[in-house]
Amino acid sequence: MPRLAISEFSMVRWSLEEEIQELSRRGIREIGIWRTKLSDMDADGAADLLYSYDMRVSSLSWAGGFTGSCGMGWDDAVADGAAAIRTAARIGAECLIVHPGHPNGHTKNYMRRLFGDAINRMLPVAIDFGVTLGVEIMNRYGSPGWTVFDSFNESIDFVCNSANPNLGLVLDLFHVGGEPRVFSQLERICPRLALVQLTDRIDHAGASHRCRLGEGVIPVENWFNALEDRGYPGSWEVETFGQQIGPSRYRKLLDDSITEFERLREQRAISRGVSAS
């Protein structure tokens with residue numbers, strides 16, 4: 001059965017305990033954790049809280065900045081990534097999301113070598129702790145602060161050309177939901193997917209903003225059906241945030257996300273003549 005999760009980025013002003021309580025009341029059993037939130041509670045305390053509510057962790061965000069873009073040198077960024085892997089294992093996260101960082105003035109070959117070397121250094125740790133490193137499908141023109149790859153294909157190739165099962169892809173519909181060239185590669189991408197992040201997008205005045213599912217331009221239902229058809233086994237993690245979604249709207253955002261996710265499931269079941277339950 002498709003599994004709904006909610007990213008902490010969707011409820012950024014709530015505490016972890018408040019988030020877990022609200023999700024639990026609604027029957028949601030998975031959450032995407034933000035490392036910054038864990039600074040208010042150590043990993044052991046978070047693990048105990050998650051366990052007490054029978055809450056799984058769909059992802060931990062994030063490690064990276066290996067180009068020096070986050071103010072850390074390469075060695076420090078790799079060490080931080082290894083620490084994030086251990087944290088992910090402690091709280092039971094299925095994947096650690098990894099971002100290379102922006103070019104930071106480096107040449108194309110050098111910045112990609114920095115990222116590749118960092119992944120190679122971190123993968124043995126990830127294997128030891130049973131954590132998947134999830135690289136988001138991005139390009140640096142649409143996401144200049146986050147990745148060293150010029151195209152979506154390059155980020156896909158980086159993972160798919162590796163035989164290591166602890167290296168996977170993260171598909172965020174905000175970045176790729178309007179990209180038919182990515183959609184056409186789902187047969188190749190799906191076996192390497194560590195996580196799918198659900199959101200919708202509004203494009204206005206030359207800028208794009210996340211919005212609630214069903215309110216934007218992304219054909220979410222097409223992606224949902226295509227990935228389910230291909231046997232995607234992971235979580236569907238809602239990651240919707242922005243100035244228009246403040247703390248007073250978090251509960252409605254959760255309710256609306258559940259409603260839309262159930263609609264996706266029901267429409268898929270109807271189209272196939274089976275029960276959604």
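Quantities reported herein were computed from a predicted structural model and do not represent experimental measurements. One is the number of the first residue; the rest follow in order along the sequence.
- Counted by atom type alone, Glu30 and Ser235 present one or more donor-acceptor pairs between their side chains at under 3.5 Å.
- Thr132 OG1 to Leu193 CG: the interatomic distance, rounded to the nearest 0.5 Å, is 11.5 Å.
- Evaluation of the side-chain hydrogen bond (donor to acceptor under 3.5 Å, both in side chains) rule for Glu22 yields Arg25, Arg26, Arg251 as partners, not counting sequence neighbours.
- Under a 3.5 Å cut-off, the side chain of Ser10 and the backbone N or O of Ile6 do not form any donor-acceptor pair.
- Defined by atom type and a distance below 3.5 Å, a donor-acceptor pair is missing between the side-chain atoms of Trp14 and Gln21.
- Annotation: ring pair (Phe, Tyr, Trp, His ring centres under 6.0 Å) contacts of His99 (sequence neighbours excluded): Trp62, Trp146.
- Residues Ser58 and Glu237 bring a donor and an acceptor atom of their side chains to less than 3.5 Å of each other.
- Here Phe129 pairs with Ile85, Arg86, Ala89, Val125, Val131 under the side chain to side chain contact (heavy atoms under 4.5 Å, CB included) rule; sequence neighbours left out.
- Applying the 6.0 Å contact sphere to CZ of Arg181 captures no more than 12 heavy atoms from other residues, nucleotides or ligands.
- Note on Ile245 and Ile258: same hydrophobic cluster, where clusters join Ile, Leu, Val, Met, Phe, Trp and Tyr whose side-chain heavy atoms are under 4.5 Å apart, directly or indirectly.
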Handout entry: Working for side chain to side chain contact (heavy atoms under 4.5 Å, CB included), residues Met11 and Glu18
Key = CA-CA 10 Å; Met11 312 161 287; Glu18 187 172 8; over 6 Å; no
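- Scanning for salt bridge (charged side-chain N to carboxylate O under 4.0 Å, His left out) contacts around Asp128 gives an empty result, with sequence neighbours left out.
- For residues 153-192, every residue pair satisfying the ring pair (Phe, Tyr, Trp, His ring centres under 6.0 Å) rule, not counting sequence neighbours, is listed here: Phe115-Phe158, Phe149-Phe158, Phe183-Trp223.
- Contact annotation: the side chain of Arg121 never approaches that of Phe66 to less than 4.5 Å [non-hydrogen atoms, C-beta and beyond].
- Between Ile156 and Gln185, some side-chain heavy-atom pair lies under the 4.5 Å cut-off.
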Problem - Check against side chain to side chain contact (heavy atoms under 4.5 Å, CB included), Val220 and Asp200 - result: CA-CA 7 Å; Val220 176; Asp200 216 329; 4.3 Å; yes
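- A single hydrophobic cluster is not seen to contain both Val238 and Ile202; linkage of ILVMFWY side chains at heavy-atom distances under 4.5 Å, directly or through other members, places them apart.
- Within the 4.5 Å cutoff, the side chain of Leu213 has no heavy atoms near those of the Asp256 side chain.
- Ion pair Arg210/Asp172 flagged as a salt bridge, since at least one NZ, NE, NH1 or NH2 atom sits closer than 4.0 Å to an Asp/Glu carboxylate oxygen.
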Practice task
Let me see the working for Met41 and Leu49 under side chain to side chain contact (heavy atoms under 4.5 Å, CB included), right down to the final yes or no.
Solution key: CA-CA 10 Å; Met41 177 183 293; Leu49 181 62; 4.1 Å; yes
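- Within the 3.5 Å criterion, the main-chain N or O of Ile20 finds no donor-acceptor partner in the side chain of Ser24.
- Asn161 is linked by a side-chain hydrogen bond (donor to acceptor under 3.5 Å, both in side chains) to Arg188, counting only residues two or more places apart in sequence or in another chain.
- Note: Asp203 CG to Ser208 OG = 3.5 Å, rounded to the nearest 0.5 Å.
- Every residue two or more places apart in sequence or in another chain was checked for a salt bridge (charged side-chain N to carboxylate O under 4.0 Å, His left out) with Arg29, and none qualifies.
- Residues Ala46 and Ile91 approach most closely at CB-CG2, 4.3 Å, considering heavy atoms.
- Checked against side-chain hydrogen bond (donor to acceptor under 3.5 Å, both in side chains), Glu215 has the following partners two or more places apart in sequence or in another chain: Arg212.
- In the hydrophobic cluster analysis, where Ile, Leu, Val, Met, Phe, Trp and Tyr join through side-chain heavy atoms closer than 4.5 angstrom, Leu23 is grouped apart from Tyr51.
- Scanning for ring pair (Phe, Tyr, Trp, His ring centres under 6.0 Å) contacts around Tyr110 gives His106, with sequence neighbours left out.
- Side-chain contact, Asn225 with Gln267: no donor N or O sits under 3.5 Å from an acceptor N or O.
- A donor-acceptor contact shorter than 3.5 Å is absent between the side chain of Thr67 and the backbone of Met111.
- For the residue pair Thr240 and Thr199, a side-chain donor N or O sits within less than 3.5 Å of a side-chain acceptor on the partner.
- Residues forming a salt bridge (charged side-chain N to carboxylate O under 4.0 Å, His left out) with Asp54 (at least two apart in sequence, or on another chain): none.
- Here the straight-line distance linking atom CG of Asn164 with atom CG of Leu133 works out to 8.0 Å at 0.5 Å rounding.
- Cluster membership check: Phe224 does not share its hydrophobic cluster with Ile270, using side-chain heavy-atom separations under 4.5 Å among Ile, Leu, Val, Met, Phe, Trp and Tyr.
- For Glu94, the salt bridge (charged side-chain N to carboxylate O under 4.0 Å, His left out) criterion is met by Arg3, Arg56, not counting sequence neighbours.
- Under a 3.5 Å cut-off, the side chain of Tyr232 and the backbone N or O of Pro2 do not form any donor-acceptor pair.
- Side-chain contact between Ile33 and Ser61 is absent, with no heavy-atom pair separated by less than 4.5 Å.
- Interatomic distance, CG of Asn139 versus CD of Glu154, reported as 9.0 Å (0.5 Å rounding).
- Cluster annotation: Val12 and Leu198 are assigned to the same hydrophobic cluster (Ile/Leu/Val/Met/Phe/Trp/Tyr, side-chain heavy-atom contacts under 4.5 Å, transitive).
- Taken to the nearest 0.5 Å, the CD atom of Glu260 stands 13.5 Å off from the CG atom of Asp255.
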Exercise for the section: Could you check Ile119 against Leu167 for side chain to side chain contact (heavy atoms under 4.5 Å, CB included), going step by step and ending with a plain yes or no? Expected result: CA-CA 9 Å; Ile119 291 296; Leu167 183 63; 4.0 Å; yes
Practice task
List the steps, then state whether salt bridge (Lys or Arg N to Asp or Glu O under 4.0 Å) holds for Asp150 with Arg112.
Solution key: CA-CA 10 Å; Asp150 290 340; Arg112 292 177 191 175; 3.1 Å; yes
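- Classification of Arg263 and Glu266 as a salt-bridged pair fails, no side-chain N sitting under 4.0 Å from a carboxylate O.
- Aromatic ring pairs are classed by plane angle as parallel below 30°, tilted from 30° to 60° and perpendicular above 60°; the pair Phe241 and Phe9 is tilted.
- Remark: Thr147 engages no residue in a side-chain hydrogen bond (donor to acceptor under 3.5 Å, both in side chains) (not counting sequence neighbours).
- A side-chain donor-acceptor contact under 3.5 Å links Arg192 to the backbone of Ser162.
- Atoms CD1 and CZ, from Ile28 and Phe261 in turn, are 9.5 Å apart once rounded to the nearest 0.5 Å.
- Although no hydrogens or angles enter the test, the distance criterion places no donor-acceptor pair under 3.5 Å between the side chain of Ser143 and the main chain of Arg140.
- Paired with Glu8 under the rule side-chain contact (heavy atoms from CB on, under 4.5 Å), one option of Leu60, Leu38, Leu16, Thr36 passes, and it is Leu16.
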Problem - salt bridge (Lys or Arg N to Asp or Glu O under 4.0 Å) assessment of Arg35 paired with Asp80 - result: CA-CA 11 Å; Arg35 288 179 73 195; Asp80 179 71; 2.9 Å; yes
